[in-house]
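Report on the structure given below.
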There are 2 protein chains.
Amino acid sequence: MPASQQRKTPTIRDVAREAGVSVATISRFLNNPAILQAETARRVEAVMEELEYIPKLAARNLSSRNTRTLGLITEYLDGEFFLPLLTGMESAAFEHNYSLLISSTRHWKESRQRMLPLGPHNCDGLLVFPGSLPAEYLERWQRQEFPMILIQHMLAELPALPRITIENRQSSRDATLHLVQVHGCRRILYLAGPEGHHDARQRLAGYQDGLAAAGLPADSQLILSGQFNEESAFAVCRQAIQQGLQFDAILAGDDDSALGALESLRAAGLEAVPLIGFDGILLGQRSRPPLATVLAPTEEVGELAVQHLVGILEGKQVPLESQLPCTPHFFGSCGCPLP
Amino acid sequence: MPASQQRKTPTIRDVAREAGVSVATISRFLNNPAILQAETARRVEAVMEELEYIPKLAARNLSSRNTRTLGLITEYLDGEFFLPLLTGMESAAFEHNYSLLISSTRHWKESRQRMLPLGPHNCDGLLVFPGSLPAEYLERWQRQEFPMILIQHMLAELPALPRITIENRQSSRDATLHLVQVHGCRRILYLAGPEGHHDARQRLAGYQDGLAAAGLPADSQLILSGQFNEESAFAVCRQAIQQGLQFDAILAGDDDSALGALESLRAAGLEAVPLIGFDGILLGQRSRPPLATVLAPTEEVGELAVQHLVGILEGKQVPLESQLPCTPHFFGSCGCPLP
DNA sequence: ATGAAAGCGCTAACAG
DNA sequence: CTGTTAGCGCTTTCAT
């Protein structure tokens, strides 16, 4: 028999008996001490202290029909993206007095279990990375009105659920205009991300918005596929340079590809060409010159996701799509002097 | 009333009724389908499928007096250390059919005592970073025989609990000997970490072991404080160089300080001086030359921690201290050619 | 192999 | 303000 089942901790009954009150009083103290008579509350508190009483969550959950737990469901637990997101979520969850349960789906591809690690059976709501699990679950849970928030990142066919995104398009447009207006660029090479990627698509659109706003032609030859990946970006840029493609700046869909581009520019002796990335990864700030980029508010995404989820749990209405603003950081590789 | 309390999902009773059996049978199916008559099992399974039945965890927990949940309690959710650790823990937890609850203590300095986010009330065991919470809790929980595993990292006065560490000392000794035997170094500068840091202390001891094993004198002037921090390390190295301190290699307690050292060597035109770090951080592999280092098995630490915790929960005996081996990666900045 | 029934520890009416 | 008393949904004897 597992050790965990041996231990015996005091229950609400023990406290009630010791304090000479009923269990209801103890329960009330737990949930709203203010409604008790001051003297009673004092006594109860003292007994709890003495007995080192801590209410069992399972019992509260069962009785109150909620778990005060939020689930985070994602495929991978890595990347520069995940950690700040988690930090934001954890902060907000704590603030609202919720716990955070984490599960990666990279394992349970095939564990056709009835008990998924995360779901309505063990949390009050879910923070979901689209693509991390079959849409079938999302649909079922949506049908059951189980509260969920999507962290928009990948693109996927999804039910209409509240989602958090960042202002990819607007920011990418701003970056484009910065290159045009501040640095006088007119032929901006764009390093696009993967086709199926939500952010990638929005950012590309923003680049095109920017060109249009500047009255510049949209030359499709200037749009290359960087795959959000340093190596691909390097290769594709090098080839473009060798083939004599004319351009006077590079805008990358993300910092990884921007780093690849930077490398290729350096190799070709073109370090003067303005370059801007997107995301604000750590490596970017350590490159020489530091990467000009757009800072994504990842931690805020995590916070807002939790705030909205909690909002739903409290019966509030939340917007179907929330976009968080990014912060331009156009210094270094774009040509602007560092502050 | 919260939306979460409105939903109504089928209970074990609904399934029992539909399947024409008793709730006990359903419970048995849940816990050990094999003991049912094949035909009964089939019917139960079908009904569950049809009703989309999923057992409520709170009820199971309350009844079975365990949660199948593990808690991870740490002060900060950041650093290159945390993510691989989390990955390892999540994998192992999933494998053993446990959930992982995460909580950072950076918030609850002052929050109400009762109902800590993590503890015996909501998990079966805890993975603890020493220093993340007052020893008082550890002691109480130990008294109550609540299963815990320590991730040894910081140094602290702690109860005798099973802990996971890495072979800091042995690896640091190996690195020292590599510098001596392969590169013929005789005056190795050591960049020590913070005083109170467990790993730092062990690694320093390993360096000293190495010197002793090589029959080299232990010159205390060669031990500098790098504080596991790039800037400090850079500053301290630069000063040493300017003051004319004689050394023919640098061994750093961690990669961050090694990177600082590398910078100072470069600044002084001393790039030929062999340099080895410790940890295997990402940045190290991107520096030029790539940092020679000792790869810490962080993900494995996470896995083993969970395995041991689960072991305790299953009534097994686990060692009080487990040391995981590191992997030498002596290429690049030590002078050995890259493979 | 299956059913009946007694909890697990707490919350939430309903009384008083 | 406080006590009484049903449950919450499952597990687990104890019978059959």
Side-chain angles (χ1 to χ4, degrees), chain A residues 1-2 4-44 47-48 51-68 114-115 119-122 124, chain B residues 1-2 4-44 47-48 51-68 114-115 119-122 124:
Chain A
M1 169 158 303
S4 61
Q5 302 192 9
Q6 317 270 41
R7 279 172 297 113
K8 196 103 207 100
T9 48
T11 77
I12 200 174
R13 254 188 198 79
D14 300 317
V15 181
R17 182 167 19 73
E18 287 299 308
V21 295
S22 74
V23 293
T25 299
I26 308 299
S27 175
R28 288 185 186 109
F29 179 87
L30 252 26
N31 297 294
N32 187 1
I35 67 171
L36 292 191
Q37 204 166 264
E39 167 54 21
T40 315
R42 243 198 15 71
R43 198 148 29 96
V44 171
V47 173
M48 284 188 169
L51 264 44
E52 294 183 345
Y53 168 73
I54 294 181
K56 241 67 90 205
L57 225 44
R60 305 189 83 174
N61 292 347
L62 180 57
S63 189
S64 63
R65 269 165 295 279
N66 65 234
T67 65
R68 290 212 81 83
R114 172 172 350 282
M115 282 303 256
H121 61 288
N122 64 349
D124 293 351
Chain B
M1 172 157 301
S4 61
Q5 303 194 9
Q6 315 270 41
R7 278 172 296 115
K8 199 124 201 77
T9 48
T11 77
I12 201 174
R13 258 190 195 78
D14 300 318
V15 181
R17 186 167 16 74
E18 287 300 309
V21 295
S22 75
V23 295
T25 300
I26 307 299
S27 175
R28 289 186 185 109
F29 179 86
L30 253 24
N31 297 295
N32 188 0
I35 66 172
L36 292 193
Q37 205 165 267
E39 167 54 20
T40 314
R42 241 198 16 71
R43 200 149 28 98
V44 169
V47 173
M48 284 186 169
L51 264 41
E52 294 184 344
Y53 169 73
I54 294 181
K56 239 69 90 207
L57 225 47
R60 306 191 83 175
N61 293 347
L62 179 55
S63 189
S64 62
R65 270 162 296 276
N66 65 234
T67 65
R68 291 212 79 83
R114 195 172 351 285
M115 279 324 238
H121 59 289
N122 63 350
D124 294 348

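On a predicted model such as this, the values are computed, not experimentally measured, just so you know. Below, read A as the first sequence line, B as the second, and so on, with proteins coming before strands; counting in each chain starts at 1.
- Nucleic acid contact class of A:I26 (heavy atoms, under 4.0 Å, all strands): none.
- In this structure, CG of A:N31 is placed 15 Å from P of D:dT2, rounded to the nearest angstrom.
- Following rounding to the nearest Å, B:L36 (CG) and D:dT11 (C1') show an atom-to-atom distance of 14 Å.
- Put simply, NZ on A:K56 is 18 Å from P on C:dG7, counting in whole angstrom units.
- Residue A:I12 has its side chain nearest to C:dT11 when only C:dT11, D:dG9, C:dT2 are considered.
- Looking at heavy atoms from C-beta onward, B:P120 lies out of side-chain contact with A:T9 at the 4.5 angstrom threshold.
- Between A:E18 and A:L51, the closest side-chain pair of non-hydrogen atoms falls below 4.5 Å.
- Between the side chains of B:R60 and B:N31, at least one donor N or O lies within less than 3.5 Å of an accepting N or O.
- Looking at B:F29 and B:T40, their side chains never come closer than 4.5 Å, going by heavy atoms from C-beta outward.
- Taking only side-chain nitrogens and oxygens, A:S27 never comes nearer than 4.0 Å to OP1 or OP2 of C:dA12.
- In this structure, the CG atom of A:N61 is 18 Å from the P atom of C:dC8, given to the nearest Å.
- Shown here are the side-chain hydrogen bond (donor to acceptor under 3.5 Å, both in side chains) partners of A:R17, two or more places apart in sequence or in another chain: A:D14.
- Here the P atom of nucleotide C:dA12 and the CD1 atom of A:I35 are 11 Å apart, to the nearest Å.
- For the pair A:L36 and A:P33, the minimum side-chain heavy-atom distance is 4.5 Å or more.
- Per the geometry, CZ belonging to B:R60 stands 20 Å off C1' belonging to C:dC10, to the nearest Å.
- B:P55 and B:L30 get closest at one heavy-atom pair: CB-CD2, 4.0 Å.
- Put simply, CZ on A:R43 is 11 Å from C1' on D:dT2, counting in whole angstrom units.
- Contact check for B:R68 versus B:N66: side-chain heavy atoms found under the 4.5 Å cut-off.
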With the criterion being N/O to N/O and under 3.5 Å, what pairs connect the protein with nucleotides 6-8 of chain D, and how long is each?
{"from": "D:dG7", "atom 1": "N2", "to": "A:S63", "atom 2": "OG", "distance (Å)": "3.0"}
{"from": "D:dC8", "atom 1": "O4'", "to": "A:R65", "atom 2": "NH1", "distance (Å)": "3.3"}
{"from": "D:dC8", "atom 1": "O2", "to": "A:S63", "atom 2": "N", "distance (Å)": "3.4"}

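- The side chain of A:T40 places an N or O atom within less than 4.0 Å of a non-bridging phosphate oxygen (OP1 or OP2) of D:dT2.
- Rounded to whole angstrom, the span from the CZ atom of B:R68 across to the P atom of D:dC10 amounts to 17 Å.
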Using the 3.5 Å cut-off, write out each protein N or O paired with an N or O of nucleotides 13-16 of chain D and the distance between them.
none

*Could you walk me through whether B:T67 and B:N61 pass the side-chain hydrogen bond (donor to acceptor under 3.5 Å, both in side chains) check?*
CA-CA 5 Å; B:T67 65; B:N61 293 347; 5.6 Å; no

